S.K.: 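What follows is a single structure, and I will ask about it in a moment.
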Amino acid sequence: MPPDRRGERQAALRAALDGEGLDALLVTHLANIRYLTGFTGSAALLLVQPDTTTLITDFRYAAQAPDEAGEAAVVEVDRTSVWERLARVLGAAPAGTLGIESQALTVRDAERVAALSRGRVAPVAELVERLRAVKSPEEVDAVRAAAALAQAALAEVLPGVRVGQTEIEVGAALEAALRRRGSEWHPFPTIVASGPRSALPHARTSPRPIGPGEWLLLDFGAQVDGYCADLTRTIVVGARADERQRTIYELVQTAQRRALQHLRAGMPGREGDALAREVIAGRGFGEAFGHSLGHGLGLEVHEAPRLAPTADAPLPLHAVVTVEPGIYLQGWGGVRLEDDVYLGPDGAVLLSDGRTELLELV
Ligand code: ZN
Ligand code: ZN
């Protein structure tokens, strides 16, 4: 059995609440609720007070919530309204300053909380997310397992990819292989983009058939124990790569390798981003790399920290992030290579295989 981290996570959160001058925090973001209590359902409010943690949910989770939360929370099930139940729980405690998650709560629900709270309500941002950015060894292992699963699914599917198949057909084969191998779900819509459509960084997988000698970009993920992997590979189908394809590919590959080699915990996110961006911009393709270099990975596929030109925050030790440079040329196509790494004391450790040699399916 892996160690149960929920008690120490809640203790760390309470210390953060103290630091912010809060008496309690209403946690409404589901990934945060899962992190603190183990509850995986789709509807809950979590009230973290100095001495108690209360999980409020509805009838659908009457059995599941106590089972998953165990000792980590007192579970209150309300058949009519979780908000009325929250009012009652709050009413039993001294009025103080209640934090709400400004990045997660809708304006309507924030007004609801303000109406039922007897004390002050203070919006705070990303208190739990900051804790989640620092991974335990088990969390790192789960992302590694998800990456291994995703790679095995890709290796199974690629030999069957042919010119004339549609993006959706390739996506269906890949998603089936991911599920068959045990992925809990697809953490985001699978991207399979061929030819000029590979220049759309977030392309929607379409009925377009793959043409000979075209790029095929696959961005896909897997989920193990709730933890996500996120990988991108770009290959050539039906022919050898032409000279321009090879040049662009090698540039993205060089940029990614430089980032993987020099990325360190403690450096601001923008310095991490620059490791790859300088390589691409130095060859005149800066405008064609229009997104950030990477993002945190964990219970969510996009979480803290960020590797972006605007990210001043230092990358935490024990973070897990993606490294995904790309070059996108409208009308021609695009190349992106994405791997997942753990930021340990000695630098970035690959969790995915980092095998990015150019693959030509001929
Ligand atoms: Zn991705
Ligand atoms: Zn990504």
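Counting starts at 1 for both ligands and their atoms, following the listed order. Model, not experiment: these values are computed from the prediction.
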S.K.: Suppose we only allow N, O or S atoms; which atom of Glu324 ends up nearest to the Zn ion (ligand 2)?
M.R.: OE2
S.K.: Does any N, O or S atom of Asp219, backbone or side chain, fall under 2.8 Å from the Zn ion (ligand 2)?
M.R.: no
S.K.: Could you tell me whether Arg233 and Asp339 have a side-chain N and a carboxylate O separated by less than 4.0 Å?
M.R.: yes
S.K.: Hey, what's the ring geometry for Trp215 with Tyr249, parallel, tilted or perpendicular (30° and 60° as the breaks)?
M.R.: parallel
S.K.: Indicate if the distance from the Zn ion (ligand 2) to the nearest N, O or S atom of His302 falls below 2.8 Å.
M.R.: no
S.K.: Which is the closest N/O/S atom of Asp230 when seen from the Zn ion (ligand 1)?
M.R.: OD1
S.K.: Quick check: does any side chain N or O of His29 sit under 3.5 Å from a backbone N or O of Glu101, one acting as donor and the other as acceptor?
M.R.: no
S.K.: Short question: side chain of Glu278, backbone of Leu275 - any donor-acceptor pair under 3.5 Å?
M.R.: no
S.K.: Is NZ or CZ of Arg34 both nearer than 6.0 Å to the six-membered ring centre of Phe39 and within 45° of the ring axis?
M.R.: no
S.K.: In Glu338, which N, O or S atom comes closest to the Zn ion (ligand 1)?
M.R.: OE1
